[in-house]
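Right, one structure below, let's go through it.
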Amino acid sequence: MTALRSLVFQVAFYVVTVIYVFAFLPLLLLPRRRHWKYAVLAWANTNSALLRLICGTRVEIQGRENIPDGPLLIASKHQSAWETMALLPLFSDPAFVLKRELIRIPLLGWHLTKARMIPVDRSGGMAALKAMTRFARGEVEAGRQVLIFPEGTRRPPGAPPDYKFGVAHLYGSLGVPCLPVALNSGLYWPRRALTKRAGTIRVDILPPIPPGLGRAAFMARLESDIETASARLLTAGLKELGDRAPKELAEQGLPPADGSSPLSTSVENS
């Protein structure tokens with residue numbers, strides 16, 4: 001039954017996306033905020049509702065009170081395609097940092113450009129980092145929230161952390177608080193897999209990190225905060241799934257009770 005429901009949702013997801021991409025083309029003529037409200041949020045909310053109705057995958061969000069007003073850097077754990085749509089409605093005007101290839105997709109790229117998402121060339125080195133920072137600074141100055149996945153790509157639940165330098169560079173350059181976000185979405189919507197499991201995806205919005213820390217101190221706190229909370233959410237998810245949990249995680253056993261994990265990032269203080 002899980003396989004059938006997953007297939008039905010996957011078909012529905014792509015059908016909805018294609019329909020919305022074409023149906024919302026006239027909205028490209030509207031001001032960006034209206035395009036955001038009537039196109040981007042409609043797409044995200046529709047697919048989240050379909051996931052719940054077809055697959056029985058619900059969402060539980062803690063820590064909304066930790067979201068400060070005004071411009072912000074958001075650093076989220078990235079385990080699944082789920083957070084690329086489901087985190088959108090949590091913030092008033094987010095600009096996602098995303099791979100440049102998405103902007104080049106016909107029609108879809110037009111909507112992403114209209115929404116002023118922030119493209120980054122992941123193979124572009126320091127020049128790409130500077131371009132991303134310049135774009136992000138403009139969005140922050142406009143009062144928006146910039147969301148980045150600090151590991152750069154999806155990581156399976158329980159994998160060792162692999163935080164990249166880009167998030168520290170943005171934090172030091174933008175001068176705004178950084179909001180860490182932990183989650184366990186990879187248990188229910190695994191990367192590179194059709195499976196969508198019934199259960200509760202849990203998101204924990206953690207207290208913001210104030211601006212002004214050195215890079216090493218910032219990275220240590222960011223990684224510790226996100227990984228500790230994500231390990232706790234992973235434990236809760238594995239308990240909920242029971243014998244439906246991913247086999248490789250079930251064989252490993254539950255993460256440490258304190259959510260500890262070795263920090264993997266070495267960044268010089270500044």
Side-chain angles (χ1 to χ4, degrees), residues 17 20 24 27 30-49 51-52 58-99 102-103 108 111-120 132-133 135-152 154 166-168 170-171 173-185 189 201-211 218 221-222 225-226 229-230 233:
T17 299
Y20 279 25
F24 291 153
L27 298 184
L30 296 179
R32 183 187 62 81
R33 290 303 300 270
R34 291 193 178 184
H35 171 267
W36 166 263
K37 179 179 179 181
Y38 297 118
V40 180
L41 286 184
W43 171 81
N45 289 329
T46 298
N47 282 310
S48 293
L51 183 65
R52 182 177 66 253
R58 302 174 300 278
V59 180
E60 179 182 288
I61 299 172
Q62 304 177 59
R64 291 177 188 266
E65 68 278 3
N66 289 324
I67 303 175
D69 296 329
L72 182 66
L73 175 64
I74 304 158
S76 173
K77 189 71 176 170
H78 193 19
Q79 296 181 349
S80 166
W82 176 85
E83 47 267 21
T84 63
M85 67 174 188
L87 295 183
L88 288 168
L90 294 180
F91 304 99
S92 61
D93 193 13
F96 276 46
V97 175
L98 45 77
K99 58 184 180 182
L102 294 175
I103 298 291
L108 175 62
H111 288 286
L112 295 174
T113 300
K114 180 69 177 185
R116 288 217 310 261
M117 298 305 180
I118 303 173
V120 59
M132 176 188 71
T133 303
F135 200 142
R137 186 178 294 116
E139 299 311 304
V140 162
E141 289 173 354
R144 301 184 71 190
Q145 306 89 38
V146 171
L147 191 150
I148 187 172
F149 299 117
E151 293 174 281
R154 292 169 295 172
V167 65
L170 277 180
Y171 170 80
S173 301
L174 298 180
V176 295
C178 178
L179 188 72
V181 177
L183 44 77
N184 67 357
S185 58
W189 184 327
I201 294 176
R202 292 175 171 85
V203 178
D204 196 353
I205 302 170
L206 304 167
I209 300 172
F218 165 72
R221 177 170 170 181
L222 178 71
D225 287 358
I226 292 178
S230 292
L233 300 179

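FYI, the numbering just counts along the sequence from 1.
Under the 3.5 Å distance criterion, the side-chain polar atoms of Asn184 are matched with a main-chain donor or acceptor of Arg202. A donor-acceptor distance shorter than 3.5 angstrom exists from the side chain of Gln145 to the backbone of Asp93, with no hydrogens or angles considered. Not one N or O on the side chain of Ser173 forms a donor-acceptor pair closer than 3.5 Å with the backbone of Thr133.
In terms of heavy-atom proximity, Leu87 sits nearest to Ser76 at CD1-OG, 3.5 Å. Pairing each heavy atom of Asn66 with each of Pro207, the nearest pair is ND2-N, 3.7 Å. In this structure, Ala75 and Val167 approach most closely via the heavy-atom pair CB-CG2, 4.2 Å. Nearest approach of Leu206 to Ala182, heavy atoms of both residues: CD1-CB, 4.4 Å. Pro89 and Ala86 make their closest contact through CD-O, 3.3 Å (heavy atoms, listed as atom of the first residue, atom of the second, distance). Looking at every heavy atom in both residues, Ala142 comes nearest to Arg116 through CB-NH2, 4.2 Å.
Partner of Val140 under the side chain to side chain contact (heavy atoms under 4.5 Å, CB included) criterion, out of Leu72, Leu73, Val176: Val176 alone.
The shortest distance between side-chain heavy atoms of Val97 and Phe135 does not fall below 4.5 Å. Within the 4.5 Å cutoff, no side-chain heavy atoms of Leu27 are placed close to those of Tyr20. Side-chain atoms of Pro94 and Trp36, non-hydrogen and from C-beta on, do get closer than 4.5 Å to each other. Looking at heavy atoms from C-beta onward, Thr17 lies in side-chain contact with Asn47 at the 4.5 angstrom threshold. Side-chain contact between Pro211 and Pro177 is present, with at least one heavy-atom pair separated by less than 4.5 Å. Residues Leu222 and Cys178 are in side-chain contact: their nearest non-hydrogen atoms beyond the backbone lie under 4.5 Å apart. Contact annotation: the side chain of Phe149 approaches that of Thr84 to within less than 4.5 Å [non-hydrogen atoms, C-beta and beyond].
Note on ring orientation: taking the six-membered ring where Trp is involved, the planes of Phe218 and Tyr171 are parallel (angle under 30°, cut-offs 30° and 60°).
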Walk me through whether Val120 and Ile118 qualify under side chain to side chain contact (heavy atoms under 4.5 Å, CB included). CA-CA 7 Å; Val120 59; Ile118 303 173; 5.9 Å; no
Leu170/Met132 under side chain to side chain contact (heavy atoms under 4.5 Å, CB included): CA gap, chis, key distance, verdict: CA-CA 9 Å; Leu170 277 180; Met132 176 188 71; 3.9 Å; yes
Given the rule in the side chain to side chain contact (heavy atoms under 4.5 Å, CB included) test, do Val203 and Trp82 qualify, once you have shown the distances and angles that lead to the verdict? CA-CA 11 Å; Val203 178; Trp82 176 85; 3.6 Å; yes
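Between atom CD1 of residue Ile226 and atom CZ of residue Arg221 there is a gap of 11.5 Å, rounded to the nearest 0.5 Å. Distance CD1/Ile67 to CG/Leu179: 6.0 Å, rounded to 0.5 Å. The distance from the CG atom of Leu147 to the CG atom of Leu88 is 8.5 Å, given to the nearest 0.5 Å. Here the CD1 atom belonging to Ile209 is positioned 5.0 Å from the CG atom belonging to Asp225, to the nearest 0.5 angstrom. Arg33 CZ to Ser92 OG: the interatomic distance, rounded to the nearest 0.5 Å, is 6.5 Å. For the atom pair Arg52 CZ and Ile201 CD1, the distance stands at 11.5 Å (nearest 0.5 Å).
More than 12 heavy atoms of other shown residues, nucleotides or ligands fall within 6.0 angstrom of atom CZ in Arg32.
Sorted by first then second residue, the salt bridge (Lys or Arg N to Asp or Glu O under 4.0 Å) pairs that include residues 63-76, not counting sequence neighbours, number zero.
Here Arg154 pairs with nothing under the salt bridge (charged side-chain N to carboxylate O under 4.0 Å, His left out) rule; sequence neighbours left out.
A salt bridge does not link Asp204 to Lys77: none of the charged nitrogens lies less than 4.0 Å from a carboxylate oxygen.
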